[in-house]
S.K.: 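Handing you this structure, nothing more for now.
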2 protein chains.
Amino acid sequence: MHKKLMYVCLMYSNELIKGTLKTIVLSLLAKKGRMYGYEITQHVKEETDGKIQLTEGALYPLLHRLEAEGLLETEKENIGKRVRKYYRLTESGNNQATSLAAEFQEFSKTMNRLLNNFSLKPSYYV
Amino acid sequence: MHKKLMYVCLMYSNELIKGTLKTIVLSLLAKKGRMYGYEITQHVKEETDGKIQLTEGALYPLLHRLEAEGLLETEKENIGKRVRKYYRLTESGNNQATSLAAEFQEFSKTMNRLLNNFSLKPSYYV
DNA sequence: ACATTATACCTAATTTTCTTATGCATAAGA
DNA sequence: TCTTATGCATAAGAAAATTAGGTATAATGT
């Protein structure tokens, strides 16, 4: 009884991240040029004040899928005795990144339009 | 060869809807008071100009889950010889609706912060 | 010196949820 | 009368995340 004992939960319920993980990863790579897996998790965590925390069990398989789809390519780099695997966008990966980011912003607008008036006009129940 | 032949695709790739279906349904019910399944699909479709189209295969099981969880309750109504099943929020459903809607808006802000600069500062690749 | 935490990768079993494909039935419209 | 719209439902399969491990090196604390 010594591992991962407490989860102080300031983060989202994570339901929402489901549809957006790919968008996050590709957009980040588009912005940063190249990153390695662990770096992505840390960067997202810091930049969102811990609100979005990618799990490695979700991230690594995704990176592998994206590489298999030809959206990413890798290069390994030796850091001491360890190996880092850097990912960067291919051309089609870059296109995907652009369109997914745009799509999210459109979607986000649509959703807000759909959800709004909600807090203004609460249900008959209240 | 006569059914559902063409899909004119003006809608989102649907990846994004995955995490938000529950939010949509609960928020809509909070706003409208009560709705039946088919009505929800039509309402969402119209209000988003066809960009978000809920499939019945996703919606009905969700409604059943939410009812089982005690977030929704139902009442049946006879329309001619057919039966409509109206859903409305319970108290805890209403709470959930409020917090999910708020969470989405927070999430959406966080995402935009994370994705922004992206189109302004395109990848080295371009 | 030893233990813990951080860095860094990975996978496998399970669960959850969506898609796709049906099925049934009544009502309305062409 | 044939098709589309309304209205419910479920079941098989796919997709993707969670959970829970595993391995190993480097750094830090005590």
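So you know, we letter chains A, B, ... as the sequences are listed, proteins then strands, and number each from 1.
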S.K.: What is the separation between atom CG on B:Leu21 and atom C1' on D:dA15, rounded to the nearest whole Å?
M.R.: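 B:Leu21 atom CG is separated from D:dA15 atom C1' by 16 Å.
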S.K.: Could you tell me how far apart A:Glu15 (CD) and C:dT15 (P) are, to the nearest whole angstrom?
M.R.: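 Whole-Å distance recorded here is 17 Å.
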S.K.: Atom CG of B:Leu62 and atom C1' of C:dC18: how far apart are they, to the nearest Å?
M.R.: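 From B:Leu62 CG to C:dC18 C1': 11 Å.
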S.K.: Under a 4.5 Å cut-off applied to non-hydrogen side-chain atoms, are B:Leu72 and B:Thr90 in contact?
M.R.: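 No. Closest side-chain heavy atoms not under 4.5 Å.
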S.K.: Looking at B:Glu75 and B:Arg88, is there a salt bridge between them, counting it only when a charged N and a carboxylate O are closer than 4.0 Å?
M.R.: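 Yes, B:Arg88 and B:Glu75 are salt-bridged.
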S.K.: Using the closest heavy atom to pick a nucleotide of DNA chain D for each, name whichever of A:Gly19 or A:Lys81 lands nearer the 5' end.
M.R.: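 That would be A:Gly19.
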S.K.: Hey, which sits more toward the 5' end of DNA chain D by its nearest nucleotide, A:Lys18 or A:Gly80?
M.R.: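 Mapping each residue to its closest nucleotide by heavy atoms, the 5'-most match is A:Lys18.
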S.K.: Return yes if a side-chain donor-acceptor contact under 3.5 Å exists between B:His43 and B:Glu47, otherwise no.
M.R.: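 Yes, a side-chain donor-acceptor pair sits under 3.5 Å.
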S.K.: Between atom CD1 in B:Ile17 and atom C1' in D:dA16, what is the gap in whole Å?
M.R.: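 It works out to 16 Å between those atoms.
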S.K.: Between atom CG in A:Asn78 and atom P in D:dA24, what is the gap in whole Å?
M.R.: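 Taking atom P of D:dA24 as the reference, CG of A:Asn78 is at 17 Å.
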S.K.: Is the shortest distance from a Lys or Arg side-chain nitrogen in A:Glu15 or B:Lys22 to a carboxylate oxygen in the other one below 4.0 Å?
M.R.: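 The answer is no: the pair does not qualify as a salt bridge.
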S.K.: Treating primed atoms plus P, OP1 and OP2 as sugar-phosphate and everything else as base, which nucleotides of nucleotides 6-14 of chain D get B, S or - for protein heavy atoms under 4.0 Å?
M.R.: BSBBB----
S.K.: In this structure, how many angstroms lie between the C1' atom of D:dA15 and the CZ atom of A:Arg65, rounded?
M.R.: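 Rounded to whole Å, this separation is 8 Å.
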S.K.: Please output the side-chain donor-acceptor pairs of residues 59-71 of chain B that fall under 3.5 Å, not counting sequence neighbours, one pair per line with the distance.
M.R.:
{"residue": "B:His64", "atom": "ND1", "partner": "B:Tyr60", "partner atom": "O", "Å": "3.3"}
{"residue": "B:Glu67", "atom": "OE2", "partner": "B:Thr74", "partner atom": "OG1", "Å": "3.2"}

S.K.: What is the distance, rounded to the nearest whole Å, between atom CD1 of A:Ile40 and atom C1' of C:dC9?
M.R.: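 Distance check: A:Ile40 CD1 to C:dC9 C1' gives 13 Å.
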S.K.: Output the rounded distance in Å from CG (A:Leu16) to C1' (D:dA16).
M.R.: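 It is 16 Å, rounded to the nearest whole Å.
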S.K.: Under the side-chain hydrogen bond (donor to acceptor under 3.5 Å, both in side chains) test against B:Glu77, which residue among B:Arg84, B:Arg82, B:Arg34, B:Lys85 passes?
M.R.: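 The option that passes is B:Arg34.
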S.K.: Do NZ/NE/NH1/NH2 and the carboxylate oxygens of B:Glu106 and A:Lys51 come within less than 4.0 Å?
M.R.: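 Here B:Glu106 pairs with A:Lys51 in a salt bridge, since their nearest N and O are under 4.0 Å apart.
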S.K.: Does the structure show a Watson-Crick or G-U wobble partner for C:dA30, both distances under 3.5 Å? Name it, or say none.
M.R.: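 D:dT1 - that is the nucleotide pairing with C:dA30, both distances being under 3.5 Å.
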